[in-house]
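The structure appears right after this line, and notes come after that.
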Amino acid sequence: MDLLDTLTAKGLRGETPTREEALAVLATTDDELLDVVAAAGRVRRRWFGRRVKLNYLVNLKSGLCPEDCSYCSQRLGSKAEILKYTWLKPDQAAEAAKAGVSGGAKRVCLVASGRGPTDRDIDRVTDTVAAIKDADPAVEICACLGLLSDNQAERLKAAGVDAYNHNLNTSEGTYGDITTTHTYADRVDTVQKAHGAGLSACSGLIAGMGESDEDLVDVVFALRELGSDSVPVNFLIPFEGTPLAKEWNLSPQRCLRILAMVRFVNPDTEVRIAGGREVHLRSMQPLGLHLANSIFLGDYLTSEGQAGQTDLDMIADAGFEVEGMGESTLPRHRADIAAAATSGCGSGSAGGGCGTGAVSGEGETEGADAAVGGGCGTGGGCGPCGGHGHAVPAATVGAADDKDADKAADEARTDLVRVRRRGAGTELAPNA
Ligand code: SF4
């Protein structure tokens, strides 16, 4: 297939495809799907080998958000029966983080619901970071606290935070359909603030909200332009009690096409399967590992994931290995960009910033030294989750024969979506 040969060759060189080529990936048929996975899998192995980075979510503050993100179970007016609690104390958060790290996670993602942090909230996170790094100085920490004000990113950096997550979620053209209380431009501004302060930028998307193929391609190219070091790909978890509860637009095949497209557009960037992995990929999760090099371990912010041990078994059974604390996630040339950004030398956008661009040659995965990488965002907070029936364009499901989606439409799937009742903010042990 000419398309796949072209995309593979570009990906192995670290080059991005054209917009038309990215759209063509989403339009492939089920008969072509394994070829698509194999082609994108070669690109994944070129830059990330068979390593899988594990990330662990700690929801520092759950629910009660004044924003109206339609996909989110923590939004204003959400009827989802999620856990609601205010800030965990630093020792409680550190205890929760320990469970993920002992399960193999090298990154802990500290997430708080809300429009954005106050300066007092930054103090709380500073204390929490200290508590986590006291126990294990090597652990990477990503903060996900919403829209940042001036100087807050710098304060987080000084506190020892390694990365900041803030997802663009969907295309600029449809952003106003899913959220009215802040704008796409606000989100871009926060990612740039984080990057400008030397934090590794983690920013991704949510698929399945009724967007078109063009919207998906738009947001994925925007993330590449923004220089995101990590791209979490969330698949909408349609929580009952949220406006998008009936948006069941995804099949496992569609999810794999989306992941392959994201990989081709971001060949040397951490691509993470985030919220909705179990719900939408289901038994096809192992094929997703051939495309993404990063996943969350255990539960999400407000929904349950599969057991952490099941994640580990899946990785081993599929022939992959968990990435160690001492290993760099990003290939060397991308790690160098991030290091340059940390020293105030440019933004690190693809092909630009401080010295990089296309990398030639095929063969062994690059090692690297500097430890940088992804972020977080998933499962229901300032990442992904529920949705909204209002004003969202009709679902476009590409070329796939999405029988699952048709069957499931208009039905609540409580068999697939379970509200988190354990881990952070509860008395019960986490599943990692
Ligand atoms: S995504 Fe974040 S800002 Fe939006 S409603 Fe959810 S918690 Fe609030």
Side-chain angles (χ1 to χ4, degrees), residues 57-88 109-118 121-122 124-125 142-149 152 164-171 174-191 193-194 202-209 211 219 232-245 247 274-276 296 299-303 375-392 417 419-420 424-425:
L57 285 160
V58 177
N59 205 2
L60 295 178
K61 173 173 171 278
S62 182
L64 311 168
C65 184
E67 300 294 290
D68 71 350
C69 307
S70 303
Y71 50 83
C72 182
S73 60
Q74 305 185 75
R75 75 190 290 270
L76 178 71
S78 168
K79 300 279 193 298
E81 295 181 352
I82 59 166
L83 296 169
K84 297 185 178 73
Y85 54 86
T86 189
W87 291 91
L88 296 184
C109 306
L110 300 175
V111 188
S113 62
R115 179 179 173 86
T118 63
D121 295 337
I122 299 289
R124 298 180 211 271
V125 174
C142 180
C144 178
L145 311 172
L147 299 170
L148 292 174
S149 304
Q152 290 185 326
Y164 196 81
N165 166 261
H166 201 61
N167 295 330
L168 295 187
N169 289 329
T170 192
S171 70
T174 56
Y175 199 84
D177 295 334
I178 62 160
T179 303
T180 66
T181 47
H182 59 264
T183 66
Y184 180 89
D186 291 333
R187 288 199 166 247
V188 170
D189 177 67
T190 282
V191 178
K193 277 192 170 85
C202 173
S203 187
L205 64 140
I206 308 174
M209 297 193 290
E211 70 283 340
V219 68
V233 180
N234 296 281
F235 301 112
L236 177 72
I237 301 175
F239 269 94
E240 274 194 283
T242 65
L244 292 184
E247 292 283 335
F296 285 102
D299 288 333
Y300 300 95
L301 296 175
T302 62
S303 67
C376 76
T378 194
C382 285
C385 81
H388 201 175
H390 77 177
V392 176
V417 180
V419 171
R420 181 175 69 83

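We count ligands from 1, going down the list as the structure has it; atoms in each ligand are counted the same way.
Inter-residue side-chain proximity for N59 and L301 is flagged as met; some heavy-atom pair is nearer than 4.5 Å.
Looking only at distances, no side-chain donor or acceptor of T181 sits under 3.5 Å from a matching main-chain atom of E67. Remark: side-chain polar atoms of S203 are paired, donor with acceptor, to backbone N or O of L168 under 3.5 angstrom.
For the ligand labelled ligand 1, residue G114 lies inside the 4.0 Å heavy-atom shell.
Ligand 1 places these atoms under 4.0 Å from at least one heavy atom of R75: 5 (S).
Distances from atom 6 (Fe) of ligand 1 show that C69 has no N/O/S atom below 2.8 Å.
Heavy atoms of S113 found under 4.0 angstrom from ligand 1 belong to the backbone as well as the side chain.
Here D186 pairs with nothing under the salt bridge (Lys or Arg N to Asp or Glu O under 4.0 Å) rule; sequence neighbours left out.
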